[in-house]
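Only one structure is covered here, and it is reproduced in the block below.
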2 protein chains.
Amino acid sequence: MQQQTDPIFQEFSDICRKLDWRMTSSRLAVYRYVRGNKEHPTVDAVWKAVQKEQPNISRESVYRILTDFAAKGLIYILDPPNVVARYDSSSKRHDHFFCQQCGKIVDFNADEIDAIIRNKLSAVGRIDRVEARVLGVCQECLDKETVSKTIK
Amino acid sequence: MQQQTDPIFQEFSDICRKLDWRMTSSRLAVYRYVRGNKEHPTVDAVWKAVQKEQPNISRESVYRILTDFAAKGLIYILDPPNVVARYDSSSKRHDHFFCQQCGKIVDFNADEIDAIIRNKLSAVGRIDRVEARVLGVCQECLDKETVSKTIK
DNA sequence: ATTATTGCAAAGCCTTTGCATCGTT
DNA sequence: AACGATGCAAAGGCTTTGCAATAAT
């Protein structure tokens with residue numbers, strides 16, 4: 001990886017040092033494309049864009065690089081890969097809590113947010129549905145953690 | 001499909017009549033399992049459960065039946081099939097509007113909902129992230145619709 | 001009798017994985 | 001020189017599709 005003077009190179013160089021990562025041209029190219037990008041790109045979109053700079057980069061590397069970036073909080077996974085379809089018996093507006101540990105999904109109602117958000121997005125277009133999604137760890141899983149730590 | 005006297009049979013019979021659907025034992029069995037179910041089941045979960053009642057039902061039929069149910073608003077698709085992974089350059093808390101027509105995803109901020117929901121879910125467990133997801137049709141797509149209708 | 005619905009087999013697509021090679025440190 | 005990262009080929013898993021057989025009207 002050649003030394004470069006542009007600011008993004010410097011920025012990413014620092015990131016790699018902190019993360020104890022080797023700074024590769026693939027990672028830098030993905031970082032360049034993703035940084036500040038408002039498109040919420042798919043893997044293929046990133047891949048095609050980055051190919052202009054790095055013609056030999058493989059789709060698989062893009063997968064790995066994006067996964068690593070997300071694991072370190074550099075980016076956020078808006079829609080994760082390999083989510084299996086789920087169906088909800090209620091089609092009425094409501095909200096969901098997802099336990100990241102056991103996978104449990106809990107319904108709840110925060111109907112207040114509907115008006116707040118409709119008001120805020122009035123210029124964006126027609127709004128068909130507003131849903132809050134909450135990620136966390138449920139109380140049962142938290143309790144289990146405590147027990148196992150206590151027993152040790 | 002044999003005539004039956006239990007209330008769910010009657011209920012689903014009415015639904016099928018209104019929708020101009022044939023009432024089949026597969027559909028009824030899926031309806032029985034899904035109705036009021038709070039598990040947010042996957043296709044496989046529905047399939048396995050329904051097999052107890054209908055041992056010959058195929059997984060493919062469950063797919064088709066659930067898709068049809070959702071298309072008619074009988075159920076809601078919480079996580080749709082075939083969503084490709086998407087990555088977001090910002091890992092800071094924010095919210096998303098999804099245009100159902102062109103696929104565009106627009107960021108926005110409704111930070112107020114964070115406190116509202118954390119307060120409401122305090123007993124559910126640890127909360128790591130709150131995000132609002134809004135489904136609708138963006139203004140550009142609405143405009144295009146109007147134009148094409150006007151031109152006709 | 002008609003035709004929507006189903007089961008079966010196969011295909012499709014996104015994503016992950018194993019491994020040898022390459023490139024950074 | 002050491003070893004983490006990558007490209008390639010292949011496998012994996014969920015979902016869809018074509019078509020003949022079945023079952024509801």
Side-chain angles (χ1 to χ4, degrees), chain A residues 1-4 9 12-31 33 40-48 50-51 53-72 74 77-87 103, chain B residues 1-4 9-10 12-31 40-48 50-51 53-72 74 77-87 103:
Chain A
M1 185 80 272
Q2 294 283 327
Q3 170 75 0
Q4 292 183 30
F9 180 97
F12 191 61
S13 167
D14 291 351
I15 291 172
C16 288
R17 193 169 324 108
K18 276 181 200 150
L19 294 177
D20 207 28
W21 276 357
R22 292 186 181 174
M23 167 130 110
T24 66
S25 42
S26 301
R27 277 187 180 144
L28 176 60
V30 171
Y31 185 76
Y33 179 68
H40 311 87
T42 62
V43 166
D44 262 42
V46 176
W47 182 49
K48 280 173 193 158
V50 166
Q51 272 183 320
E53 202 180 321
Q54 295 285 318
N56 292 323
I57 193 170
S58 69
R59 196 194 262 104
E60 294 82 353
S61 290
V62 177
Y63 272 103
R64 282 186 274 230
I65 290 170
L66 290 172
T67 304
D68 292 345
F69 281 10
K72 298 301 183 184
L74 262 44
I77 303 185
L78 176 60
D79 285 317
N82 291 322
V83 173
V84 301
R86 288 190 175 270
Y87 300 82
Chain B
M1 183 82 270
Q2 294 282 326
Q3 169 76 359
Q4 292 182 32
F9 180 97
Q10 293 303 334
F12 191 61
S13 166
D14 290 351
I15 291 173
C16 288
R17 193 171 321 109
K18 277 179 200 153
L19 294 178
D20 206 30
W21 276 358
R22 293 185 180 176
M23 169 133 108
T24 66
S25 40
S26 300
R27 279 187 179 142
L28 176 59
V30 170
Y31 185 77
H40 311 87
T42 62
V43 166
D44 263 44
V46 176
W47 182 48
K48 281 174 190 156
V50 167
Q51 272 183 318
E53 203 180 320
Q54 295 286 321
N56 291 325
I57 192 170
S58 69
R59 196 194 262 105
E60 293 82 355
S61 290
V62 177
Y63 271 102
R64 283 187 274 232
I65 290 170
L66 290 172
T67 304
D68 292 345
F69 280 12
K72 298 300 183 186
L74 264 45
I77 304 185
L78 177 60
D79 285 318
N82 290 323
V83 173
V84 301
R86 287 191 175 269
Y87 300 82

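Heavy atoms only: backbone and side chains are in, while hydrogens, waters and symmetry mates are out. In what follows, every chain begins at residue 1, and chains take the letters A, B, ... in the order their sequences are listed.
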Exercise for the section: Identify, between B:S25 and A:R27, the residue whose nearest nucleotide on DNA chain D lies closer to the 5' end. Expected result: A:R27

Problem - Whole-Å gap separating C1' (D:dA24) and CZ (B:F9) - result: 12 Å

Handout entry: Test item: A:S13 side-chain N/O and A:F9 main-chain N/O as donor-acceptor pair under 3.5 Å
Key = no

Handout entry: Check: A:R17 side chain, A:M23 main-chain N or O, donor-acceptor pair, under 3.5 Å
Key = no

Exercise for the section: Have a look at A:N56 and say if it touches a base, only the backbone sugar-phosphate, or nothing, with a 4.0 Å heavy-atom cut-off. Expected result: sugar-phosphate

Practice task
Starting from C1' on D:dA5, measure out to CG on A:L28 and report it in whole angstrom.
Solution key: 15 Å

Handout entry: B:R27 side chain to B:R22 backbone, donor-acceptor under 3.5 Å
Key = yes

Practice task
Could you check how far CZ of B:R22 sits from P of D:dA23, rounded to whole Å?
Solution key: 13 Å

Fill in the blank from the handout: With a 4.0 Å cut-off (strictly under) to non-hydrogen atoms of chain A, the first and last hit nts on DNA chain C, 5' to 3', are C:dC14 to C:dT25

Practice task
State whether the side chain of B:W47 and the backbone N or O of B:I57 hold a donor-acceptor pair below 3.5 Å, judged by distance alone.
Solution key: yes

Handout entry: Between D:dA23 (P) and B:R64 (CZ): distance, integer Å
Key = 15 Å

Problem - Partners passing salt bridge (Lys or Arg N to Asp or Glu O under 4.0 Å) against B:R59 (at least two apart in sequence or in another chain) - result: B:D44

Exercise for the section: Return yes if some donor-acceptor pair links the side-chain N/O of B:R86 with the main-chain N/O of A:L78 below 3.5 Å, else return no. Expected result: no

Handout entry: Rounded interatomic separation in angstrom, taking CG from B:L66 and P from D:dC14
Key = 15 Å

Completion exercise
Nearest-nucleotide check on DNA chain D, B:R59 vs B:W21; residue mapping nearer the 5' end is B:R59

Practice task
Starting from P on D:dT6, measure out to CD on A:Q51 and report it in whole angstrom.
Solution key: 15 Å

Exercise for the section: Please report, rounded to the nearest Å, how far the C1' atom of D:dC14 is from the CH2 atom of B:W47. Expected result: 13 Å

Problem - Spacing between B:L19 atom CG and D:dT25 atom P, to the nearest angstrom - result: 13 Å

Exercise for the section: Decide yes or no for A:Y33 and A:E53: does some side-chain heavy atom of the first lie under 4.5 Å from some side-chain heavy atom of the second? Expected result: no

Practice task
Specify the residue among B:V84 and B:S58 whose closest nucleotide of DNA chain C lies further upstream toward the 5′ end.
Solution key: B:S58

Practice task
Would you mind telling me which residue lines up with the more 5' stretch of DNA chain C, A:M23 or B:T24, judged by nearest nucleotide?
Solution key: B:T24

Practice task
State whether B:N82 places a side-chain N or O below 4.0 Å from either non-bridging phosphate oxygen (OP1 or OP2) of D:dT16.
Solution key: yes

Exercise for the section: Give a yes/no answer on whether the side chain of B:Y63 brings an N or O atom under 4.0 Å of OP1 or OP2 in D:dT16. Expected result: no

Practice task
Examine D:dT6: is either OP1 or OP2 under 4.0 Å from a nitrogen or oxygen in the side chain of A:S61? Give yes or no.
Solution key: no

